[in-house]
Asks: 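Take this structure, written in structure tokens, and hold onto it; I'll ask about it next.
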Amino acid sequence: MMHEPTSDALPAQARKALKNTKLQSVLEAVGQLFPLVRQAAVEKLPEFDALRDVAAQIKDHTFANLDFYLEAFEEKVERFGGHVHWARTAEEARQIVYTICKQEKARKVIKGKSMITEEIDLNAYLEDHDLEVVETDLGEYIIQLRGERPSHIIGPALHLTQKQISETFVEKHEALDPTRSMEDPQDLLNEAREILRKHFFTADIGITGANMLVAETGSAVVVSNEGNGGLSMTMPKTHIVVTSLDKIVPTLNDAATILRLLARSATGQELTTYSTFITGPKRAEDTDGPENFHVVLLDNGRSNMIGTEFQDVLRCIRCSACLNHCPVYTSIGGHAYGWVYPGPIGAALTPQLLGLKQARHLPNASTFCGKCEEVCPMRIPLTKMMRYWREKEFERHLTPGTTRFGLGAWAFLARNPRLYRLLSACAAWVLKKAAGRKGRLVHLPLAGGWTNARDMPAPEGKTFLNLWQDQKKDAAP
Amino acid sequence: MTHCTARQEILGTLRKSLHREDLPQNQISILQNRLNQPERHIIPKQAQGSHGALVALFVSKAEAAQASVTRLQSMKDIPSEVAQIAAGYNYPALAHLPQQCALNELDWPRAQVRTTSGTPTQDCPLGVTDCFAGIAESGTIMVHSGQGRPHALNLVPDTLIVVVTTAQIIGAYEDAFDLARQRFQPHTWPRIVSWITGPSRTADIAGIILFGAHGSRRAHILLVDSDDIKQQE
Ligand code: SF4
């Protein structure tokens with residue numbers, strides 16, 4: 001069954017998440033660990049900030065000439081014997097994939113991690129058409145067993161504790177002894193590895209996403225720490241890359257610049273374990289590889305964003321740094337956002353993809369502390385975009401009275417940053433007293449109707465902005 | 001003809017969004033040039049040291065990514081080193097090699113190691129492969145697919161041993177691409193070019209870092225000081 005977005009229920013979902021103690025313990029770790037490892041990796045590369053500027057320029061240049069680069073990419077893919085399919089909408093993309101599956105008389109599809117296939121809800125569609133779909137990224141596999149959707153872009157199952165995962169394995173891996181040992185997380189991994197390995201060798205189709213597309217060579221770039229991507233694109237007879245047209249960069253050198261940013265921002269690694277450039281199907285002389293290679297290029301409204309104030313959000317490389325550093329995300333988790341893209345990137349992108357009526361709460365789920373922008377490797381002005389959506393939303397009068405009032409006041413203050421800072425600084429000590437538990441707060445100045453349910457790290461007598469700037473000072477050499 | 005209509009419509013929307021028609025010819029040549037002569041952007045200073053410094057950097061970065069590195073005097077030392085690693089993990093003395101590579105010419109029988117090749121099956125304890133280059137800036141091994149070189153061999157073995165010579169160590173990602181362009185362009189390009197940095201890993205079980213998710217549980221690098229290995233054909 002296809003999934004319906006529930007972003008319009010964000011306030012209620014956020015309240016529920018705040019009361020979920022298991023989730024809260026996991027989120028606290030996410031909010032502490034990821035920023036630490038990212039910071040350590042960034043400090044080891046003196047050129048990091050300069051690379052961010054270059055990466056943003058590369059993408060801006062690409063977007064200004066996107067028609068050219070897409071056609072150049074297509075020509076290269078075809079020269080090596082692959083096919084490029086253009087999809088205007090999610091529905092078109094699903095049909096293209098299904099048609100290929102039918103042509104190949106496929107029964108089993110294995111998948112590497114792909115946010116675009118989440119965006120188009122591909123698994124549900126293929127399953128409704130009687131295909132067996134197996135996610136092979138461990139996190140995706142776990143949530144597939146549980147019938148859930150990802151809660152984090154790079155760690156889809158990060159909302160779960162080890163105990164919850166072992167319970168799921170006992171329940172779903174029925175053929176195995178239910179009393180087997182599951183104490184050691186390595187036991188869980190070994191179990192999944194063994195089960196999934198069989199699928200790699202028996203699937204008809206492998207579907208992966210792409211972190212980038214390279215026009216110079218017609219390559220798709222797939223990064224993975226687990227190695228499931230590499231197996232998904234190598235063992236089955238057909239490999240389908242499902243991706244979107246904003247993923248393209250001109251050359252391998254451009255890709256190298258972005259790869260220097262991606263892993264550091266995501267997991268604090270210098271490079272993801274496997275960074276693979278795939279170009280076309282198996283060559284005549286090759287020992288292994290798929291006979292068929294397809295790229296499905298999804299638009300889904302992106303071509304309309306080019307040339308507008310929203311073009312910048314298309315620079316996103318889905319590293320998750322903005323989620324990991326967001327006081328709202330690390331308080332309510334990914335599911336509360338009600339759709340595929342959570343956190344600041346979701347707040348900036350989802351209203352464009354789903355419409356403001358469905359996504360109207362997302363841009364409010366922000367303290368405007370600016371941490372997301374501070375860490376975004378692609379220098380996406382996330383708060384500016386959220387602000388834009390808030391104003392749009394206010395103009396459209398879609399919100400009930402109290403929220404509207406709060407946002408109206410907020411918008412006024414936002415245009416007067418000094419006043420806003422002053423006001424929130426005054427309010428900080430009150431907020432600290434109001435904090436429901438240590439280090440978290442439940443109110444925000446003037447942020448409207450649903451802030452009562454929000455629970456965020458409380459400033460120690462300072463505003464988020466003060467705090468963030470202090471931290472930066474501390475971190476400076 | 002959804003394909004054609006979708007393609008034309010998307011390209012049309014893009015051009016409309018960009019407030020222009022097709023690009024003028026002079027702009028197209030500029031872009032074509034950018035593709036044919038890829039410019040380099042910022043290269044980290046670290047990746048531009050002397051060759052000796054790059055070899056040292058490669059070793060420290062590979063180890064930081066949880067690969068182990070053993071330095072060998074000569075290619076001849078490889079079989080006995082592999083035999084030791086196999087014994088250490090209680091594997092049978094069987095090494096899976098790429099079919100067309102100089103590793104096959106080593107004296108494996110003397111180290112009592114049998115060799116095999118082809119696409120590895122589900123159960124493959126030990127793979128040994130040469131590589132295209134070693135990239136110092138991140139301690140990364142670069143491999144590619146081709147005749148007698150199944151990509152599965154880089155992923156399926158429980159333990160992957162990669163042989164790299166000091167002469168193969170280069171500084172930056174861009175250097176690696178330049179080497180590949182020299183080797184393969186203008187007419188060919190391998191299906192797979194893959195950068196491998198340490199063993200397979202995951203943090204999907206409650207954020208705990210575990211090795212051996214789908215790819216190799218362990219990655220050993222044998223760094224050979226002499227330059228007598230033939231590079232991948
Ligand atoms: S918006 Fe920036 S920080 Fe967030 S996922 Fe995208 S690239 Fe990463």
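Owing to the predicted nature of the structure, the values given are computational and were not obtained by experimental measurement.
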Asks: Could you tell me whether the side chain of Glu226(A) reaches within less than 4.5 Å of the side chain of Asp204(B), counting heavy atoms only?
Replies: yes
Asks: Should the pair Asp158(B)-Arg193(A) be classified as a salt bridge under the 4.0 Å nitrogen-to-oxygen rule?
Replies: yes
Asks: Rounded to the nearest 0.5 Å, what separation is found between the CE atom of Met305(A) and the OG atom of Ser17(B)?
Replies: 10.5 Å
Asks: Distance-only criterion, 3.5 Å: show the donor-acceptor pairs between side-chain atoms of residues 23-31 of chain B and protein atoms not counting sequence neighbours.
Replies:
from, atom 1, to, atom 2, distance (Å)
Gln27(B), NE2, Asn65(A), OD1, 3.2
Ser29(B), OG, Gln25(B), O, 2.8

Asks: Could you walk me through whether Arg181(B) and Glu216(A) satisfy the salt bridge (Lys or Arg N to Asp or Glu O under 4.0 Å) test, starting with their C-alpha distance in whole Å, then the side-chain angles of each, then the deciding distance to 0.1 Å, before giving a yes or no?
Replies: CA-CA 11 Å; Arg181(B) 289 186 190 106; Glu216(A) 178 190 354; 2.6 Å; yes
Asks: When heavy-atom pairs shorter than 4.5 Å are enumerated against chain B, which of Thr272(A), Ile154(A), Leu66(A), Leu33(A) gives the highest number?
Replies: Leu66(A)
Asks: With a 4.5 Å heavy-atom cut-off, do Asn253(A) and Glu39(B) have their side chains touching?
Replies: no
Asks: Where is the tightest heavy-atom contact between Ser219(A) and Trp189(B), given as atom of each residue plus distance?
Replies: OG-NE1, 4.2 Å
Asks: Quick one: pull up OG1 in Thr287(A) and NE2 in His151(B) and give me the separation to the nearest 0.5 Å.
Replies: 13.0 Å
Asks: Could you tell me the separation between the CD1 atom of Ile10(B) and the CG atom of Leu297(A), rounded to the nearest 0.5 Å?
Replies: 7.5 Å
Asks: Between Leu35(B) and Phe68(A), is there a side-chain heavy-atom distance shorter than 4.5 Å?
Replies: yes
Asks: Are Trp195(B) and Thr273(A) packed together at the side-chain level, in the sense that at least one heavy-atom pair is separated by less than 4.5 angstrom?
Replies: no
Asks: Listed by residue number, which members of residues 41-50 of chain B have a heavy atom under 4.5 Å from any heavy atom of chain A?
Replies: His41(B), Ile42(B), Ile43(B), Pro44(B), Lys45(B), Gln46(B)
Asks: Which heavy atom of Asp286(A) sits nearest to which heavy atom of Ser145(B), and what is that distance?
Replies: OD2-OG, 4.1 Å
Asks: For residues Ala256(A) and Tyr173(B), report the shortest heavy-atom separation together with the two atoms involved.
Replies: CB-CB, 3.8 Å
Asks: Can you measure from CG (Leu188(A)) to OG1 (Thr202(B)) and round to the nearest 0.5 angstrom?
Replies: 11.5 Å
Asks: Is a donor from one side chain sitting under 3.5 angstrom from an acceptor on the other, for Arg88(A) and Thr13(B)?
Replies: no
Asks: With ring centroids as reference points, do Phe200(A) and His214(B) lie under 6.0 angstrom apart?
Replies: yes
Asks: Let's test your reading of the structure: which of Ile58(A), Asp67(A), Thr276(A) forms the most heavy-atom pairs below 4.5 Å with chain B?
Replies: Asp67(A)
